Amino acid sequence: MLELLGLPVQASQHASGLDQLLTEVHWLMAVMFIGWATLFLLIVVRFRSGAHPKADYVGTRGWGARLAVGIVAAEAFLIIFHAWPVWATRTPVAPSSGEATVVRVVAEQFAWNVHYPGADGRFGRTSIDLMGPSNPLGLDRTDPFAVDDVATINQLVLPQNRTVLIRLSSKDVIHSFWIPEMRVKHDVVPGLEATVWFTPTREGEYEIVCSQLCGLAHYRMRSAVSVRTVEQFEAFLAQEVRSQTR
């Protein structure tokens, strides 16, 4: 049904709540449009100068006033009982590294650099002096914590049904990290580290899209996102460690 409405598939745990809120907002906007349009049309007819040559500063009363109050009450209901609970579930304290799979994603014109901490759970040291075409993250492989780290370009692999915490940063200009199917979007600002977290629930192939104009090649700043079972995810990391540390 959602696909028929033009929405992407739901591939994260929180997607259904956001879609429900989006649907309710659109229905409310439709009702408000009809209500206000009807009210304005009746006002134009009822309070035309021919029928009321003398101005009335008291204002509208009766059904018109009740309609306005009803619309305001509907908006308040939607915010308090629907929007607030959805917002509250998405803005608690971020999960700890022990509760989630932590990944660094570093944006640059025009690529997404992905950094996994490896089996030790700790990210190795990075240095701007080591950055180059073959090492865009500047990862120092002499650091003991970097030995088992995995770095990929435009390839993000995530475990299914496990909370993922992504640390976002940028090397140059403002980008925006967006995975439509996960209902995740966050600006990536130079000099700041942002975090987003979600739980992928659907295996498959998706895409990171930069939704902030970031330069002439903005249109091709895309990255593959693959959601796999936990076993497949761990096998992927093990394979990448072997190939990158030879």
Side-chain angles (χ1 to χ4, degrees), residues 9 11-13 94-172 175 177-182 184 186 188 190 193-210 217 220-246:
V9 298
S12 66
Q13 195 174 70
S96 65
S97 57
E99 300 171 320
T101 298
V102 184
V103 185
R104 290 181 64 226
V105 176
V106 182
E108 66 172 306
Q109 296 173 311
F110 298 94
W112 299 96
N113 301 290
V114 181
H115 184 188
Y116 300 90
D120 60 7
R122 299 186 62 173
F123 290 101
R125 190 179 73 88
T126 59
S127 171
I128 192 172
D129 297 327
L130 298 174
M131 288 183 180
S134 62
N135 188 8
L137 290 171
L139 185 60
D140 183 4
R141 289 293 184 182
T142 64
D143 179 26
F145 294 120
V147 172
D148 60 350
D149 284 12
V150 171
T152 63
I153 301 176
N154 291 332
Q155 182 188 21
L156 176 63
V157 179
L158 302 175
Q160 182 186 22
N161 296 325
R162 179 184 288 179
T163 302
V164 176
L165 188 148
I166 298 181
R167 297 176 180 173
L168 298 167
S169 58
S170 172
K171 293 168 60 176
D172 38 44
H175 301 275
F177 178 87
W178 183 28
I179 309 178
E181 293 82 3
M182 304 294 170
V184 171
H186 203 295
V188 188
E193 183 178 83
T195 57
V196 294
W197 59 94
F198 55 96
T199 303
T201 57
R202 182 168 177 165
E203 282 188 73
E205 303 299 320
Y206 309 101
E207 194 174 51
I208 301 174
V209 180
C210 180
R220 63 177 176 84
M221 188 170 171
R222 298 170 177 268
S223 171
V225 180
S226 179
V227 177
R228 305 179 184 177
T229 64
V230 173
E231 294 75 15
Q232 292 172 333
F233 171 73
E234 292 175 350
F236 159 77
L237 289 182
Q239 174 61 35
E240 289 297 315
V241 169
R242 289 193 295 269
S243 63
Q244 295 185 25
T245 57
R246 288 175 180 174

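This structure is a prediction, so every number in the text was calculated from the model and none was measured.
- Between T101 and L158 there is no side-chain heavy-atom pair separated by less than 4.5 Å.
- Minimum interatomic distance between E99 and T163 (heavy atoms only, all atoms of both residues): O-CB, 4.1 Å.
- In this structure, the side chain of N154 engages the main chain of W112 through a donor-acceptor pair within 3.5 Å.
- How far OG of S169 is from NE2 of H175: 10.0 Å, rounded to the nearest 0.5 Å.
- With respect to L156, the side chain to side chain contact (heavy atoms under 4.5 Å, CB included) criterion is satisfied by exactly one of V227, V164, V103: V103.
- Residues V106 and K171 are in side-chain contact: their nearest non-hydrogen atoms beyond the backbone lie under 4.5 Å apart.
- The two atoms that bring W178 and V184 nearest to each other are CD1-O, 3.1 Å, heavy atoms only.
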Which is it for Q155 and V114 under the side chain to side chain contact (heavy atoms under 4.5 Å, CB included) test, yes or no, and what are the steps along the way?
-> CA-CA 7 Å; Q155 182 188 21; V114 181; over 6 Å; no
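- Residues E207 and E181 fail the side-chain proximity criterion, which asks for heavy atoms closer than 4.5 Å.
- The distance from atom CZ of R242 to atom CG of L237, rounded to the nearest 0.5 Å, is 10.5 Å.
- Contact check for V209 versus R222: side-chain heavy atoms found under the 4.5 Å cut-off.
- Interatomic distance, D172 CG to Q109 CD, rounded to the nearest 0.5 Å: 4.5 Å.
- Between the CD1 atom of I153 and the NE2 atom of H115 there is a distance of 13.0 Å, given to the nearest 0.5 Å.
- Considering every non-hydrogen atom in both E205 and S226, the closest pair reads OE2-OG, 3.0 Å.
- Between D143 and R125, the shortest heavy-atom contact is OD2-N, 2.8 Å.
- Inter-residue side-chain proximity for R104 and N113 is flagged as unmet; no heavy-atom pair is nearer than 4.5 Å.
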Stepwise, does the side chain to side chain contact (heavy atoms under 4.5 Å, CB included) test hold for D140 with S127?
-> CA-CA 7 Å; D140 183 4; S127 171; 5.7 Å; no
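- Closest approach of Q160 and T201 over heavy atoms only: NE2-O, 3.1 Å.
- Rounding to the nearest 0.5 angstrom, the gap separating the CD1 atom in I166 from the OG1 atom in T195 is 10.5 Å.
- Separation of atoms CG (L168) and CZ (F177) is listed at 5.5 Å; rounding is to 0.5 Å.
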Please tabulate, for the side chains in residues 116-124, all donor-acceptor contacts under 3.5 angstrom to protein atoms that are two or more places apart in sequence or on a different chain.
| unit_1 | atom_1 | unit_2 | atom_2 | d |
| --- | --- | --- | --- | --- |
| Y116 | OH | V157 | N | 2.7 |
| Y116 | OH | V157 | O | 3.0 |
| D120 | OD1 | R122 | N | 3.0 |

Does the pair L130 and L139 meet the rule for a side chain to side chain contact (heavy atoms under 4.5 Å, CB included), with working shown?
-> CA-CA 7 Å; L130 298 174; L139 185 60; over 6 Å; no
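- When all heavy atoms are compared, the tightest approach of P136 to E108 is CB-OE2, 3.6 Å.
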Do E203 and Q232 pass the side chain to side chain contact (heavy atoms under 4.5 Å, CB included) test, and can you show the C-alpha distance, the side-chain angles, and the key distance before you say yes or no?
-> CA-CA 11 Å; E203 282 188 73; Q232 292 172 333; 3.7 Å; yes
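- Residue pairs meeting the salt bridge (Lys or Arg N to Asp or Glu O under 4.0 Å) criterion with at least one partner in residues 227-239, sequence neighbours excluded, are R162-E234.
- Counted within 6.0 Å of CD on Q13, heavy atoms from surrounding residues, nucleotides or ligands total 12 or fewer; the atom is thus considered open.
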